[in-house]
Amino acid sequence: MLRLPRTIEWVDGRVRLINQLKLPHELEYVETSDWRRVAEAIRRMEIRGAPAIGVAAAFAMALAAVHSRAGSLEEALRELEECARILKSTRPTAVNLPWAVDRVLRAARAAADVEELREMVVRAALEVQRMDEECNRRIGELGEQLIDDGDTVMTICNAGSLATSYYGTATAPIYLAHERGKRVRVIALETRPYLQGARLTAWELKQAGIEVKVVTDNAMGIVMEREGVNLVIVGADRVTRRGYVANKVGTYPLALVAREHGVPFYVAAPTSSFDLSIEGPGEIPIEVRPSEEVVYIYGRRIAPEGVEAIYYAFDVTPPKLITGIITERGIFYPPYEKSIRRLLSAA
Ligand code: MRU
């Protein structure tokens, strides 16, 4: 049984989430009944990871509805639409966020009065969380079959339980393999500049009793060559209908290195991370974050004064480098345009 603390919870009309900026040193929670504070937590990356920010945004909508003083249904809907607009602007790349917000908004629009709106919005938000956990468990069951006893799996960023409701996406197959008695070793790329790999992936795998080693991002080539990496599994923030995958910056070079070494490269993502309205890489909004996050480390400048960084927070891996995409509805294989269309339309 996996025993990890819940990333985010709805508790008696309040939201409680792990402040991931404090990990691995402190397990501190943000607790609030104010939807704007949740929006702030997403923006500041106190909570991050595509499915987790989807759940957080859904819960923020629920807070807005529950604590609204609107006197009419129209007013309550207007408030929620404004809340949805602000939430969608917090982080641009993960499609799970607008996906979750729109689901909740649809539920609100079906209500007959303010009281029903509150109930339906809370129910829809909890459903987003429940579905995410269920999808990840299923991704784990399918992906676990790709892992052999004694395997070494490389991953980047944190596509773990902390990035979702539970289990994670890239980590779900690892947790399931471990639960079923397979020995698995994980190599986590540290993931500059936020260090999600070193801080978060290493923390949660250690909590779960799984062997984990951290390597610097630029060591991926030599480590892949010398450390017997059998498999790469990464998460996704947005998958287009032709199978282009946006994920944490560094994923694309990792896919190139894996291809060069003949190591299978899998993406693990729920279908809520798919954006079928777009095809190619250029259509994906890539988050550009402030230069300071790169040129300062823990408050100390590491580059000369006056020199700025270029900081794309995500990159796009082309389908030709992806062995398969593990979803809750099955594993998609190339050609992705066909397999994605077939599997999603069959659902
Ligand atoms: O900037 P972050 O930490 O939100 O980036 C997260 C990632 O890139 C994850 O791999 C992705 O969101 C998938 S999480 C299951």
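Atoms within a ligand are numbered from 1 in the order they appear, just like the ligands themselves.
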Residue portion contacting ligand 1 (non-hydrogen atoms closer than 4.0 Å) for Ala52: neither
Structural part of Gln196 in contact with ligand 1, heavy atom criterion under 4.0 angstrom: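 Side chain only.
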Provide, to 0.1 Å, the distance between [atom] and the closest protein heavy atom, together with that atom's residue and name.
{"atom": "atom 5 (O) of ligand 1", "value": "Lys248 CE, 3.3 Å"}
{"atom": "atom 15 (C) of ligand 1", "value": "Thr169 OG1, 3.1 Å"}
{"atom": "atom 9 (C) of ligand 1", "value": "Asn247 OD1, 3.4 Å"}

Thr155 side chain reached by Val186 side chain, heavy atoms, under 4.5 Å: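 Of all side-chain heavy-atom pairs linking Thr155 with Val186, at least one is under 4.5 Å.
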Cluster overlap Tyr194 with Val249, hydrophobic side-chain contacts below 4.5 Å: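 Per the 4.5 Å side-chain linkage, Tyr194 and Val249 are not co-clustered.
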Path from Met45 to Val288 over hydrophobic side-chain contacts below 4.5 Å: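 No; tracing contacts between hydrophobic side chains, which count when under 4.5 Å, never links both residues.
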Single hit among Arg138, Arg137, Arg130 for side-chain hydrogen bond (donor to acceptor under 3.5 Å, both in side chains) with Glu134: Arg130
Candidate list Thr169, Asn96, Thr327, test side-chain hydrogen bond (donor to acceptor under 3.5 Å, both in side chains), partner Ser273, passing option: Asn96
In terms of atom number and element, which parts of ligand 1 are under 4.0 angstrom from non-hydrogen atoms of [X]?
{"X": "Ala159", "result": "10 (O), 14 (S), 15 (C)"}
{"X": "Asp237", "result": "7 (C), 8 (O), 9 (C), 11 (C), 12 (O)"}
{"X": "Phe314", "result": "1 (O), 5 (O), 8 (O)"}
{"X": "Ala163", "result": "14 (S), 15 (C)"}

Ligand 1 N/O within reach of Ala50 N/O, cut-off under 3.5 Å: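 Among all N and O atoms of Ala50, at least one is under 3.5 Å from an N or O of ligand 1.
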Thr164 N/O to ligand 1 N/O under 3.5 Å: no
Could you tell me if any non-hydrogen atom of [X] lies under 4.0 Å from any atom of ligand 1?
{"X": "Tyr194", "result": "no"}
{"X": "Pro51", "result": "yes"}
{"X": "Ala236", "result": "yes"}
{"X": "Cys157", "result": "yes"}

Chi angles and distances behind the side-chain hydrogen bond (donor to acceptor under 3.5 Å, both in side chains) call for Glu79, Ser68: CA-CA 8 Å; Glu79 280 179 14; Ser68 161; 2.8 Å; yes
Exam field: side chain Glu31 to backbone Leu17, donor-acceptor pair closer than 3.5 Å: no
Option of least heavy-atom distance to atom 4 (O) of ligand 1 (set: Arg91, Met45, Gln20):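 Of the listed residues, Arg91 has the closest heavy atom.
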Residues Ser165 and Gln129: side-chain donor-acceptor under 3.5 angstrom: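 No, because no side-chain N or O of Ser165 sits under 3.5 Å from a partner of the opposite role on Gln129.
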Side chains of Gln20 and Arg48, donor plus acceptor under 3.5 Å: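 Side-chain D/A pair, Gln20 to Arg48: present.
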Axial cation check for Tyr336 ring with Arg242, 6.0 Å and 45° limits: no
